[in-house]
Amino acid sequence: MATEKLPQTIEAVRDCIATAGGALNNILPSNVHVESHELKFPDDLDIDDSGNIYFTDASTKWDLSTIFYLIFENEAGGRVIRYNIHSGEIEVLAKNLNFPNGVQLSKDGKSLLVCELMNRRILRLYIKGEKKGKLEVFANALPAEPDNIRPSSSGGYWVGFTSARNSTNPLLIDRLSEYPNLKRFIGRICTFFFNLLVKLSELVDNHAFRVFAYKLNRGDYIISLIHRHGIVIEFDDNGHILRSFHSPDGKISDLSEVSEHDGYLYLGSFINPYLGRLRL
């Protein structure tokens, strides 16, 4: 694939890295076009020792404020991108992914593990060695949408998930997935109506109404209607499940970050106003 070089000075990048407090420098503006597309939805990242930043761009069409439509439209426009902070070179390593989210360098540094949220699977993308450029399935048919992925002390990986379910307890969005055209139509109707509501709220001088419109547009209220079942899973380096922890009552759910430290798992969420901690 073609490699592009951004108009970015090495000095500016070094200043950004050296900054421990005070002014920040934007080393990669979101309006930069990479293979004809802006960085619409930069998500997770990892960095290697050579100054390469590997990150996911979840969609070339939708951003975080319109994540609801990305989920409903099932738009496979996500990418994995590499940006070198020293040279300014940027390259798309994988494309046409369905909401790529968490990304993590493997232990040997030869591959990336990428959570493909809407396909409920984890991919392995080789970046070095004989398989360089090859994309393989690391773990498939997962019980929920995988968010971020982080190393575990056993040499494997922890993954946080949204609400888990099974064949006896499917979610509405799963039922709609059996009818992709209907699902897409509902998404477009909601897009039109919610966007109209947001524009109306901008004309009305009412803070509560504006907050309601923006939260509705972002899908906050719809997410709150989903049955909660919190789950985190530890995988080994071959994608096999080592263990899992569950919160069937949803007390801890919608997990987007799992970090292991000193015998504890720290649990973050994209929507919950708290952090969780679990003793291992």
Side-chain angles (χ1 to χ4, degrees), residues 24 26 28-34 37-45 55-79 81 97-103 115-118 144-148 160-163 165 171-177 180 182-230 250-257 267-276:
L24 297 176
N26 189 345
L28 190 57
S30 60
N31 61 358
V32 166
H33 282 70
V34 184
H37 293 286
E38 289 185 358
L39 299 177
K40 198 72 175 180
F41 195 160
D43 202 313
D44 192 31
L45 62 85
F55 67 97
T56 50
D57 188 22
S59 172
T60 54
K61 183 176 182 179
W62 306 108
D63 59 24
L64 181 60
S65 67
T66 51
I67 188 173
F68 169 79
Y69 312 119
L70 169 58
I71 292 173
F72 257 73
E73 192 173 73
N74 216 32
E75 177 254 355
R79 307 179 288 178
I81 299 173
L97 302 181
N98 201 334
F99 202 154
N101 200 330
V103 61
C115 293
E116 193 179 19
L117 189 142
M118 288 309 300
E145 292 82 4
D147 205 307
N148 287 326
F161 292 83
T162 58
S163 183
R165 66 277 209 175
L171 301 182
L172 175 61
I173 195 168
D174 297 330
R175 297 185 185 278
L176 286 175
S177 294
L182 175 62
K183 182 181 176 184
R184 192 174 296 111
F185 175 74
I186 292 174
R188 290 178 179 176
I189 291 295
C190 291
T191 301
F192 173 78
F193 176 72
F194 293 164
N195 281 336
L196 184 63
L197 201 63
V198 167
K199 292 183 181 299
L200 181 62
S201 73
E202 293 172 349
L203 299 175
V204 178
D205 187 19
N206 186 296
H207 177 72
F209 178 49
R210 187 176 298 113
V211 169
F212 168 77
Y214 273 88
K215 284 188 174 182
L216 184 65
N217 186 53
R218 196 172 58 185
D220 290 18
Y221 298 117
I222 293 176
I223 290 175
S224 67
L225 297 175
I226 296 175
H227 173 70
R228 311 287 181 159
H229 181 135
K251 185 176 181 180
I252 301 291
S253 63
D254 299 311
L255 299 175
S256 56
E257 184 70 35
L267 310 172
S269 171
F270 60 93
I271 192 170
N272 298 328
Y274 57 80
L275 292 175

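Computed from a predicted structure; not experimentally measured. Just so it is clear, the values below take in all heavy atoms, side chains as well, and ignore hydrogens, waters and symmetry mates. We count residues from 1, following the sequence as given.
- A donor-acceptor contact under 3.5 angstrom links the side chains of N148 and E257, judged on distance only.
- By the 6.0 Å contact criterion, CG on D205 is open, its count of non-hydrogen atoms from other residues, nucleotides or ligands being 12 or less.
- Residues F161 and D147 form no side-chain contact, since every pair of their non-hydrogen atoms from C-beta on lies 4.5 Å or further apart.
- Interatomic distance, CG of L97 versus CG of L117, reported as 12.0 Å (0.5 Å rounding).
- For K61, the salt bridge (charged side-chain N to carboxylate O under 4.0 Å, His left out) partners are E73, not counting sequence neighbours.
- With rounding to the nearest 0.5 angstrom, the NE2 atom of H37 is 9.5 Å from the OG atom of S59.
- Counting heavy atoms from C-beta outward, F193 and N195 have side chains that stay 4.5 Å or more apart.
- Put simply, the side chain of L197 reaches to within 4.5 Å of the side chain of L216, judged on heavy atoms.
- The distance from atom CG of L39 to atom CZ of F41, rounded to the nearest 0.5 Å, is 12.5 Å.
- Shown here for E116 and N98, the closest heavy-atom pair between the two residues is OE2-N, 2.8 Å.
- In terms of heavy atoms, Y274 sits closest to S253 at OH-N, 4.0 Å.
- In terms of heavy-atom proximity, F55 sits nearest to V103 at CA-CG1, 4.3 Å.
- Counting heavy atoms from C-beta outward, F212 and H207 have side chains that stay 4.5 Å or more apart.
- Rounding to the nearest 0.5 angstrom, the gap separating the CG atom in L70 from the CH2 atom in W62 is 8.5 Å.
- A donor-acceptor pair under 3.5 Å is formed between the side chain of R210 and the backbone N or O of V204.
- Here the shortest heavy-atom pairing between A144 and T162 reads CB-O, 3.5 Å.
- When all heavy atoms of L255 and L267 are compared, the closest pair comes out as CD2-CB, 3.9 Å.
- Side chain of T56 to main chain of D44: a donor-acceptor pair is present (N/O by atom type, distance under 3.5 Å, no hydrogens or angles).
- Taking CG of N272 as the start and NZ of K251 as the end, the distance is 12.5 Å to the nearest 0.5 Å.
- Not a single donor-acceptor pair under 3.5 Å links the side chain of S201 to the backbone N or O of A213.
- When every heavy atom of R79 is checked against every heavy atom of P100, the shortest pair comes out as N-CG, 3.6 Å.
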